[in-house]
Participant: 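Before we start, here is the structure in question, set down as C-alpha cells.
So that the names make sense, note that chain A is the first sequence line, chain B the second, and so on, each numbered from 1. Atom set for the values below is all heavy atoms of this structure, side chains included, hydrogens, waters and symmetry mates excluded.
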Amino acid sequence: MLEISVLRDDKNRVKEGLLKKNVRESDIESVEVIISLDDERKQTQTSLDNILSELNVLSAQIGDLFKTGKQEEANVLKARVNDLKESSKTLETRLKDIKDELEEKIISLPNIPHSSVPVGFGAEDNEVFKLNETDMPKLPENALPHWELAEKYNLISFKAGVTLTGAGFPLYIHHGARLQRALINFFLDEAANAGYMEYMPPILVNKETARATGQLPDKEGQMYHCEKDDLYLIPTAEVPLTNIYRDTILQKEVFPIKLTGYTPCFRREAGSYGSDVKGLNRLHQFDKIEIVQIQHPDFSYETLMDMVAHVESLLNKLKLPYRILRLCGGDMSFGSALTFDFETFSAAQGKWLEVSSVSNFETFQSNRMKLRFKDQDGKMRLAHTLNGSALALPRIVATLLENNQTNEGILIPEVLQKYTGFDIIRS
RNA sequence: GGUGGGGUGGGUGAGUGGCUUAAACCAACAGUUUGCUAAACUGUCGUACUGGAAACGGUACCGGGGGUUCGAAUCCCCCCUCCACCGCCA
C-alpha cells in the first residue's frame with residue numbers, strides 16, 4: 001500500500017510510476033481522488049474531534065453539578081449533550097465511509113517501480129540482466145523431457161496425483177521423493193550458512209496476514225480458501241514469514257533481519273491452463289524455500305543484490321545454466337518496486353523456466369502491516385521488506401532431470417549427493 | 001467441544017462508573033555527582049490521527065467489535081486468545 005504522504009509530496013513521480021506499471025489512465029486519476037478524499041477525511045476528523053472535546057467538557061460539568069446537588073442545571077446541559085451526540089454520530093458514520101473509500105482506492109494502487117525498471121508490457125520486454133551458460137549441457141540424441149524421464153525412472157507419477165487429488169498435484173516416488181527432500185535440506189542449509197534464521201511457519205493463514213503481504217485483495221482468486229474457518233493456504237512462505245513482524249516497532253540496530261523457511265506452496269493458477277502446464281512446469285502444490293529480509297530503507301537495494309547473489313550461488317553449485325531478468329513494469333508483481341527473475345535452461349524442452357523471483361517491496365508491505373522502526377532522530381519510519389525464492393523445487397527438478405540425463409542414468413550434482421545418498425538414478 | 005479463571009504501556013502490576021491526566025515499581029534513555037565498574041539524585045520515557053513555524057494543544061486507543069450511561073479500563077452482549085480441568089485425538 002502506497003503512503004498517502006508520498007502521494008501528496010511526490011504526485012508526479014507516483015503517476016509516472018503507475019504509468020510504467022501500465023495502470024489504466026482512469027485508475028491513475030484516482031491519485032487525485034485519494035488526495036481530495038484525504039482532505040475531506042482531515043476536515044471531518046477535526047469537526048468530530050471538536051464535538052467530542054465539547055462533550056467531554058460538558059460531561060465533567062454534569063458530574064460536578066450532580067455532586068453539588070444541582071439536578072436541574074445538569075438536566076439543561078444534558079439536553080445540549082444529546083444534540084451534540086446526534087451530530088457526532090452523523091460525523092462518525094461519514095468519517096467511516098470516507099476512510100473505507102480511501103482504503104479501497106489506495107489499496108488498489110500497485111507499488112511504484114524503481115527507476116531502473118524497464119518500460120514494457122510483458123515477458124518479452126524484460127531485460128536480460130545476466131546470462132550464464134557455462135553449465136549448458138550436451139544432451140544425448142535420444143534426450144527426453146522431464147515428464148518422460150520421471151516415468152521412465154519411476155520418480156514422479158502425475159497420474160497417481162490426479163487420482164489422489166487432481167491435475168497439478170504430483171506424487172513423488174522413491175528416488176524422486178528423496179531428491180525433493182535432498183533439495184529442501186540443501187537449500188535450507190545454504191540459507192542458514194548465509195545468515196538466515198530458519199522458521200517452520202503455519203501454511204494456513206488468516207485474512208489479515210494475507211492482506212498484509214498483498215495477496216488480498218489483489219490475488220483472492222489465486223489462493224485456496226478454507227471457507228469453514230476462513231483461512232487461506234499460503235501461496236508462498238513469504239506470507240507467514242514476513243508477517244512474523246507485523247505490527248512491530250523494531251528497536252535500534254537490528255537490521256538486516258534475515259529469515260528463511262521451507263513450506264509447500266499452493267496456487268490455484270486459475271485461468272492459466274495452456275501450453276506451459278506439462279509435467280512440473282506449473283503445479284497447484286509445490287515446495288519452495290523462501291528467503292526474506294527486513295532492512296533499513298537506506299540499504300534495501302544493496303540487500304536486494306545480496307539476495308540475488310545468494311540465489312545465483314545456488315544455481316552455480318547445482319551447475320545449472322541460468323539467466324537473470326530485470327522485470328519490466330508490466331511484468332512485475334503488484335507490490336514490488338524492483339524484481340529479478342531467475343530462469344534455468346531446461347535443455348530437453350529447450351525452454352527457460354522461472355525458478356526464483358527476488359523483489360524489493362520497499363514500504364509497500366510494511367505500510368500495510370505497520371512494520372516500523374525509529375530512526376536516529378527518533379522519528380517513526382517504515383522498514384523495507386524483501387523476499388525471494390531460494391529456491392522453488394519443481395522447475396529445478398525438471399531442469400536437473402533433463403540436463404543431467406545420460407545413457408547410464410541421471411547424474412546427481414555433487415553438492416546434493418550427501419543429501420540424496422546416491423550419485424546417479426538408474427532405471 | 002464443555003466448565004471455570006485471566007488478557008491494562010517494553011516488563012511486573014494497581015485500578016469495580018466521575019478524585020485516572022492509567023498509579024507505583026522495574027527496564028530504557030539523557031544529565032548531575034563521586035578516582036574506575038557501579039550507586040545515588042534529577043529529568044525524559046506509548047501509538048495513531050489532527051491543529052500549530054514552534055512552544056504547546058485537541059481526539060481516539062486498557063485483547064477485538066458492539067451496547068448501556070451526561071460520563072466506561074470499570075457494567076452488559078458477541079468474538080479472539082491464554083491458563084486450568086474434563087472429553088476426544090496424531
Participant: Using the six-membered ring wherever Trp is involved, compare the ring planes of A:His296 and A:Phe373 and label them parallel, tilted or perpendicular (cut-offs 30° and 60°).
Facilitator: tilted
Participant: Walk me through it: do A:Phe158 and A:Trp147 pass the test side-chain contact (heavy atoms from CB on, under 4.5 Å)?
Facilitator: CA-CA 8 Å; A:Phe158 295 99; A:Trp147 52 90; 4.1 Å; yes
Participant: Would you please test A:Tyr301 and A:His114 for ring pair (Phe, Tyr, Trp, His ring centres under 6.0 Å) and show each step?
Facilitator: CA-CA 10 Å; A:Tyr301 281 94; A:His114 186 259; 4.3 Å; yes
Participant: In whole Å, what is the span from the CD1 atom of A:Ile249 to the C1' atom of B:rA48?
Facilitator: 10 Å
Participant: Centroid separation under 6.0 Å, is that true for the rings of A:Phe364 and A:Phe334?
Facilitator: yes
Participant: Under 30°, 30 to 60°, or over 60°: which ring-plane class applies to A:Tyr419 and A:Phe186, parallel, tilted or perpendicular?
Facilitator: perpendicular
Participant: If the C1' atom of B:rC36 is compared with that of B:rU42, how far apart are they to the nearest Å?
Facilitator: 23 Å
Participant: Taking atom P in both B:rU34 and B:rA28, what distance in whole Å separates the two?
Facilitator: 24 Å
Participant: If you look at every strand shown and take non-hydrogen atoms under 4.0 Å, does A:Arg41 touch a base, only sugar-phosphate, or nothing?
Facilitator: sugar-phosphate
Participant: A:Leu84 has an atom CG; how far is it from atom C1' of B:rU69, in whole Å?
Facilitator: 16 Å
Participant: Tell me the interatomic distance from A:Met380, atom CE, to B:rG10, atom P, rounded to whole angstroms.
Facilitator: 10 Å
Participant: What distance do A:Leu48 atom CG and A:Leu55 atom CG have between them, rounded to the nearest 0.5 Å?
Facilitator: 9.5 Å
Participant: Base contacts versus sugar-phosphate-only contacts with protein, heavy atoms under 4.0 Å: please encode nucleotides 51-66 of chain B as B, S and - from 5' to 3'.
Facilitator: -------BSS------
Participant: Could I get a table of every N or O pair under 3.5 Å where one atom is in the protein and the other is in nucleotides 74-76 of chain B?
Facilitator:
none

Participant: Between B:rG13 and B:rC89, how far apart are the two C1' atoms, rounded to whole Å?
Facilitator: 39 Å
Participant: Quantified in whole Å, what is the P atom distance between nucleotide B:rG9 and nucleotide B:rG64?
Facilitator: 10 Å
Participant: In whole angstrom, what separates A:Asp83's CG from B:rC70's P?
Facilitator: 13 Å
Participant: What distance separates A:Arg94 CZ from A:Gln43 CD, expressed to the nearest 0.5 Å?
Facilitator: 10.0 Å
Participant: Could you tell me how the ring of A:Phe129 sits relative to the ring of A:Phe340: parallel (under 30°), tilted (30 to 60°) or perpendicular (over 60°)?
Facilitator: tilted
Participant: On a whole-Å scale, what distance lies between the C1' atoms belonging to B:rU21 and B:rG46?
Facilitator: 15 Å
Participant: Determine: side-chain N/O of A:Lys85 to OP1/OP2 of B:rG71, distance under 4.0 Å, yes or no.
Facilitator: yes
Participant: If you pin A:Leu58 and A:Asp38 to their nearest nucleotides in RNA chain B, which one's is more 5'?
Facilitator: A:Asp38
Participant: Rounding to the closest angstrom, what is the interatomic distance between B:rC85 and B:rU8 at atom C1'?
Facilitator: 27 Å
Participant: Tell me, what's RNA chain B's dot-bracket, Watson-Crick or G-U with both distances under 3.5 Å, | for other-strand, [ ] crossing?
Facilitator: ((((((((.[[[..)..(.....]]].(((((.......))))).((((((....)))))).[[[[[..)....]]]]])))))))....
Participant: To the nearest Å, give me how far apart CD (A:Glu208) and P (B:rU81) are.
Facilitator: 15 Å
Participant: Give a yes/no answer on whether the side chain of A:Arg372 brings an N or O atom under 4.0 Å of OP1 or OP2 in B:rA48.
Facilitator: yes
Participant: Quick one: do A:Glu3 and A:Lys370 make a salt bridge, cutoff under 4.0 Å?
Facilitator: no
Participant: Please state how far atom CD in A:Glu40 lies from atom C1' in B:rC49, giving the value in whole angstrom units.
Facilitator: 16 Å
Participant: Once you round it to whole Å, what is the distance between C1' of B:rA48 and CG of A:Leu371?
Facilitator: 17 Å
Participant: Rounded to whole angstrom, note down the P distance from B:rG65 over to B:rG6.
Facilitator: 22 Å
Participant: Please report, rounded to the nearest Å, how far the P atom of B:rG71 is from the CD1 atom of A:Ile62.
Facilitator: 8 Å
Participant: Taking only the P atom of each, what is the distance from B:rC86 to B:rA27 in whole angstrom?
Facilitator: 41 Å
Participant: From the options A:Lys105, A:Lys11, A:Arg8, select the one residue that forms a salt bridge (charged side-chain N to carboxylate O under 4.0 Å, His left out) with A:Glu32.
Facilitator: A:Lys11
Participant: Step through it carefully: locate the ring centre of A:Phe361, locate the ring centre of A:His384, and say whether they are under 6.0 Å apart.
Facilitator: no
Participant: Between A:Val6 and A:Thr363, does a side-chain contact (heavy atoms from CB on, under 4.5 Å) hold up when you go through it step by step?
Facilitator: CA-CA 11 Å; A:Val6 173; A:Thr363 61; over 6 Å; no
Participant: Between A:Lys317 and A:Glu414, is the closest basic N to carboxylate O distance under 4.0 Å?
Facilitator: no
